[in-house]
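Here's the structure we're looking at; comments come further down.
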Amino acid sequence: MARTVDVAELVDRAREGQPRAVARLISLVEDASPQLREVAGALAPFCGNAQVIGLTGAPGVGKSTSTSALVTAYRARGKRVGVLAVDPSSPFSGGALLGDRVRMGEHATDPGVFIRSMATRGHLGGLSWATPQALRVLDAAGCDVVLVETVGVGQSEVEVVSLADTTVVLLAPGMGDGIQAAKAGILEIADVFVVNKADRDGADQTARDLKHMISLGRRDREGGLWRPPVVKTVAARSEGLDDVVDAIDAHHAWLVERGELERRRATRTAGEIEAIAVERLRSRIGGLRGASALETLAKRVVAGELDPYAAADRLVEGVGA
């Protein structure tokens, strides 16, 4: 039986900046602890202050290097920073496979930075199912900025846009990213484009191609026109990162000015609520399955006694009973 923790004390310690308390709260979230509702209730009054920035892009563009460099840039501006690095799951342990905390070791001793690798655990979309709740933990713990770095899985990683206030899409020259970005729908989700590894041949051409594609796709975005800027960086040498932060800040100001930030966060929270409700219903259906209700209905559909919709109605009635 899992040991019960004092959630109120844990939240108090997390708000004091104690990394062990923050890590423990995120572990309770990832493990779907029986105390998860208590954790959510304790965190709620302290949420809504952090600026959430999503970083995404194809494998090899330098997402982790860019994330680490952005942490340095934000720390230089006096911001407390949280990082959620969402990695593929290990096929053996189910844990995070790549271990971004190792690659961001330069920040390990900085008390103003909290870095956590989270496993996708088979969840499509480039994010862990627990990411929204982990964001709440870092928000309540006093992080001014939370960077969410997604797993690099190409066309299925656009889900980050549902969690971030600002989505940064990274590309690199010489990787065929222009065509891949169009295929993946990445052009549609980007608020800021970053052409990393700009010291390589072809960087200027990649930036020009992006600007051209943006101009072709000009459109009114939720109450006002935002044209995603294209910024060139060499993250490995921390070049151009201040320009990225300035672009993110400009987008944040645009969001606030048009009321879009509040709308995005409301949409994000609605999705979170829906996911929790669906998971509860799925659990209750699983209970019915244990009682053979679902199997019985399935057999009746196979026998032609019921159609699938009628069977679903009966299943829903059973869940509500």
Side-chain angles (χ1 to χ4, degrees), residues 11 14-19 21-30 39-40 43-57 63-64 66-87 96 100-101 103-104 107-108 110-120 125-151 157 159-170 189 191-192 194 241 244-245 247-249 251-252 255-256 261-262 264-269 271-272:
V11 170
R15 287 185 51 74
E16 290 170 3
Q18 296 185 26
V22 177
R24 181 66 178 128
L25 284 169
I26 293 179
S27 292
L28 290 174
V29 167
E30 283 197 287
V39 169
L43 294 174
F46 309 111
C47 293
N49 301 307
Q51 184 179 359
V52 182
I53 301 164
L55 290 95
T56 190
K63 289 193 295 296
S64 293
S66 296
T67 300
S68 182
L70 276 174
V71 171
T72 301
Y74 276 113
R75 289 297 291 144
R77 299 187 181 203
K79 303 287 189 181
R80 291 191 66 194
V81 184
V83 178
L84 293 177
V86 186
D87 281 338
D100 288 80
R101 283 170 294 181
R103 288 178 287 174
M104 299 182 199
H107 305 295
D110 186 343
V113 179
F114 182 89
I115 300 170
R116 177 69 171 242
S117 292
M118 300 179 69
T120 59
L127 295 174
S128 163
W129 73 271
T131 305
Q133 288 74 35
L135 277 173
R136 289 183 176 277
V137 173
L138 294 179
D139 188 357
C143 289
D144 300 301
V145 175
V146 179
L147 302 173
V148 182
E149 178 199 332
T150 72
V151 57
E157 63 183 321
E159 189 180 295
V160 68
V161 73
S162 68
L163 289 180
D165 300 327
T166 299
T167 300
V168 178
V169 172
L170 287 95
I189 72 168
D191 298 307
V192 176
V194 173
L241 273 300
V244 177
V245 173
I248 292 170
D249 287 346
H251 181 250
H252 187 79
L255 291 173
V256 172
L261 181 64
E262 183 178 351
R264 284 193 180 193
R265 290 183 173 181
T267 300
R268 182 165 77 208
T269 304
E272 184 181 354

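For the single chain, residues carry numbers from 1 onward in sequence order. Being a predicted model, the structure only gives us computed values, none of them experimental.
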Quiz prompt | Any residue meeting salt bridge (Lys or Arg N to Asp or Glu O under 4.0 Å) with R268, in chain and number order, not counting sequence neighbours | solution = D165

Quiz item: What closest approach, in Å, do T167 and A164 show between heavy atoms, and which atom pair accounts for it?
Solution: OG1-CB, 3.9 Å

Practice problem: Would you check if R77 and D249 make a side-chain contact, meaning some heavy-atom pair closer than 4.5 Å? | Solution: yes

Self-check item: Residue pairs involving residues 134-143 (criterion side chain to side chain donor-acceptor pair (under 3.5 Å); sequence neighbours excluded)
Solution: R136-E272

Quiz prompt | Residue pair D110, V71: steps toward the side chain to side chain contact (heavy atoms under 4.5 Å, CB included) verdict | solution = CA-CA 11 Å; D110 186 343; V71 171; 6.0 Å; no

Exercise. Taking side-chain contact (heavy atoms from CB on, under 4.5 Å) as the test, write out the residues that go with R15, two or more places apart.
Key: V11, F46

Exercise. Please report the shortest heavy-atom distance between S27 and R116, naming the atom on each side.
Key: OG-NH2, 3.0 Å

Quiz item: In Å and rounded to the nearest 0.5 Å, what is the OG1 to CG distance from T267 to L163?
Solution: 12.0 Å

Quiz item: Would you say the side chain of L70 lies within less than 4.5 Å of the side chain of V145, judging by non-hydrogen atoms?
Solution: no

Quiz item: Of all heavy-atom pairs between L170 and S66, which one has the smallest distance, and what is that distance?
Solution: CD2-OG, 3.0 Å

Exercise. Mind checking the NE2-CD1 spacing from H107 to I115? Nearest 0.5 Å is all I need.
Key: 6.0 Å

Quiz prompt | From T72 atom OG1 to L241 atom CG, the distance as rounded to the nearest 0.5 Å | solution = 8.0 Å

Quiz item: Which distance, rounded to the nearest 0.5 Å, do you find between the CG of L138 and the CD of Q133?
Solution: 12.0 Å

Quiz item: Going by atom types only, do R264 and T166 share a side-chain donor-acceptor pair under 3.5 Å?
Solution: no

Exercise. For residues G82 and C143, report the shortest heavy-atom separation together with the two atoms involved.
Key: N-SG, 3.6 Å

Practice problem: Over all heavy atoms of both residues, which pair between V29 and A134 is shortest? Give the atoms and the distance, please. | Solution: CG1-N, 4.1 Å

Exercise. Would you check if the side chain of K63 reaches a backbone N or O of L55 as a donor-acceptor pair within less than 3.5 Å?
Key: no

Quiz prompt | V137/F114 under side chain to side chain contact (heavy atoms under 4.5 Å, CB included): CA gap, chis, key distance, verdict | solution = CA-CA 11 Å; V137 173; F114 182 89; over 6 Å; no

Exercise. Any chance you could measure Q51, atom CD, to I248, atom CD1, to the nearest 0.5 Å?
Key: 7.0 Å

Self-check item: Test item: R265 side-chain N/O and G48 main-chain N/O as donor-acceptor pair under 3.5 Å
Solution: yes

